[in-house]
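Notes follow once the structure below has been shown.
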Protein chains: 2
Amino acid sequence: MQLRNQVEWALHCCSVLAGLPAGRYLSTKVLAELHGVPKEYLSKALQGLSQAGLVESTLGPSGGYRLAKTPGQITFLDIVEAVEGKTSSFVCDNIRYNNPCLRKGYRADGACAIAQVMWDADQAWRDKLRSVSLADLGKTLRKTVPADILDKTQGWVLERS
Amino acid sequence: MQLRNQVEWALHCCSVLAGLPAGRYLSTKVLAELHGVPKEYLSKALQGLSQAGLVESTLGPSGGYRLAKTPGQITFLDIVEAVEGKTSSFVCDNIRYNNPCLRKGYRADGACAIAQVMWDADQAWRDKLRSVSLADLGKTLRKTVPADILDKTQGWVLERS
DNA sequence: CTTAATAAGGATATTTAATATCCTTAAGGA
DNA sequence: TCCTTAAGGATATTAAATATCCTTATTAAG
Ligand code: FES
Ligand code: FES
């Protein structure tokens with residue numbers, strides 16, 4: 001079980017967009033170059049973010065993407081779900097109903113107790129992701145990444161936004 | 001991102017084995033029939049459980065599998081990891097190092113802050129799975145599944161163990 | 001001792017999902 | 001008018017999940 005590589009891409013792109021001055025857009029081309037990933041494929045991830053309402057886009061020269069909300073309003077969960085979808089990682093095929101002791105067509109009242117545990121764990125994962133916003137991430141980055149790298153990168157991005 | 005169907009199979013098989021009287025074995029064939037899944041493929045999952053030390057097997061007629069520990073000593077996490085492996089669901093390809101502002105070969109001190117959040121969430125998922133044992137599951141099942149179904153199934157299993 | 005049943009595991013096929021590229025269209029700015 | 005861009009459909013490529021088949025060694029039952 002593994003998340004798509006687009007999740008890493010989307011998170012990093014949002015992190016960059018969160019540092020962009022108001023009104024500026026950043027194009028797929030620039031984001032792809034910054035992260036060293038294929039532009040056309042990254043575009044699919046960005047379209048997912050756009051459909052989820054996390055970013056907004058504009059066309060034409062100097063077009064691209066910007067956040068549609070403040071960094072404090074966008075969580076890791078929002079971004080992960082925009083790329084991966086909201087369905088649980090555990091899928092219950094109800095193999096319990098294949099039990100030959102049951103009459104055919106029998107259906108229980110509630111969910112299988114095993115599935116319930118798995119779904120609770122999935123929820124714990126989502127809760128954790130929901131607890132961190134892009135604003136939180138920005139704070140951490142400013143604490144842990146050398147200032148000169150942040151500055152140089154910010155300059156590089158601004159030249160292209 | 002989705003867990004394999006074998007996870008559901010393995011959890012249900014362990015649940016059945018947990019209800020087996022001491023000394024009895026249950027064969028792949030019986031477990032496959034009980035759950036309505038392909039015997040040869042289920043066998044791979046059971047081999048995983050065996051290699052993880054959760055179950056032990058014996059050959060020959062009346063052979064099969066039984067738990068290698070008490071139900072209280074086996075957690076959902078043990079079973080899930082035996083089938084899915086222990087690697088995190090989030091893989092960081094360190095796309096941050098593709099940043100053209102960095103000198104080639106630059107490596108940071110710690111992990112990327114984004115990866116860290118994803119790994120923390122993965123850990124929260126595992127913590128939740130670790131908090132539920134087969135003994136806990138048994139208690140829940142006895143509370144939620146009609147007694148006659150449990151009894152009939154138990155009889156069906158014992159005839160074949 | 002012989003025989004049938006079984007787990008283990010290697011090899012391979014099939015199906016599905018992830019990854020990636022290509023191309024067309026419509027919109028926006030110079 | 002021309003160039004740049006996002007959106008999205010179509011398709012190709014690659015990897016992983018799912019499934020089957022077959023061989024071997026081991027064990028218990030007859
Ligand atoms: S039937 Fe799906 S987890 Fe129990
Ligand atoms: S470089 Fe992998 S998550 Fe940041």
I need the OH-C1' distance between A:Tyr41 and D:dT14, as an integer number of Å. 11 Å
Students often get this wrong, so: under 4.0 angstrom with heavy atoms, is A:Ser50 touching a base, only sugar-phosphate, or nothing? sugar-phosphate
Looking at B:Glu8 and A:Asn94, would you say the former's side chain and the latter's main chain have a donor-acceptor pair under 3.5 Å? yes
Below 4.0 Å: OP1/OP2 of D:dA6 and any side-chain N or O of A:Ser43: no
Out of C:dA7, C:dA18, D:dG9, minimum distance to the side chain of A:Arg4 belongs to C:dA18
Hydrophobic clustering (ILVMFWY, side-chain heavy atoms < 4.5 Å, transitive) - are A:Leu17 and A:Leu34 grouped together? yes
Take the protein atom NZ of A:Lys39 and the nucleotide atom P of D:dG8, then report the distance between them rounded to whole Å. 16 Å
Is the phosphate of C:dG29, meaning OP1 or OP2, less than 4.0 Å from a side-chain N or O of A:Ser62? no
Tell me, yes or no, whether the heavy-atom count around A:Asp109 atom CG, taken from other residues, nucleotides or ligands under 6.0 Å, exceeds 12. no
Short side-chain N/O contact from B:Asn5 to OP1 or OP2 of D:dT18, under 4.0 Å: yes
Between P of C:dA7 and CD of B:Gln51, the distance in whole Å: 14 Å
By nearest nucleotide on DNA chain C, pick out whichever of B:Gly63 and A:Trp9 is the more 5' one. B:Gly63
Which whole-number value in Å describes the distance from A:Gln47 CD to C:dT21 C1'? 14 Å
Between CD of B:Glu40 and P of C:dA7 the distance, given in whole Å, is 10 Å
Rounded to the nearest Å, what distance is computed from the OH atom of residue B:Tyr65 to the C1' atom of nucleotide C:dA5? 14 Å
Which comes earlier along DNA chain D counting from the 5' end, the contact point of A:Leu59 or that of B:Gln2, where each point is its nearest nucleotide? A:Leu59
Separation of A:Leu31 atom CG from D:dT5 atom C1', in whole Å? 13 Å
Could you tell me whether A:Glu56 contacts a base, only the sugar-phosphate backbone, or nothing, with contacts defined as non-hydrogen atoms closer than 4.0 Å? nothing
B:Met1 CE to C:dT19 P: how many Å, rounded? 12 Å
Rounded to the nearest 0.5 Å, how far does CG of A:Leu158 lie from CZ of A:Arg24? 5.5 Å
From the candidates D:dA6, D:dA19, D:dG9, the one with an atom nearest any side-chain atom of A:Lys44 is D:dG9
Between A:Asp148 and A:Lys152, does the salt bridge (Lys or Arg N to Asp or Glu O under 4.0 Å) criterion hold? Intermediate values first, please. CA-CA 6 Å; A:Asp148 62 316; A:Lys152 252 206 282 190; 5.7 Å; no
Taking the side chain of A:Pro38 as heavy atoms from C-beta outward, which of C:dT21, C:dA7, C:dA4 is closest to it? C:dT21
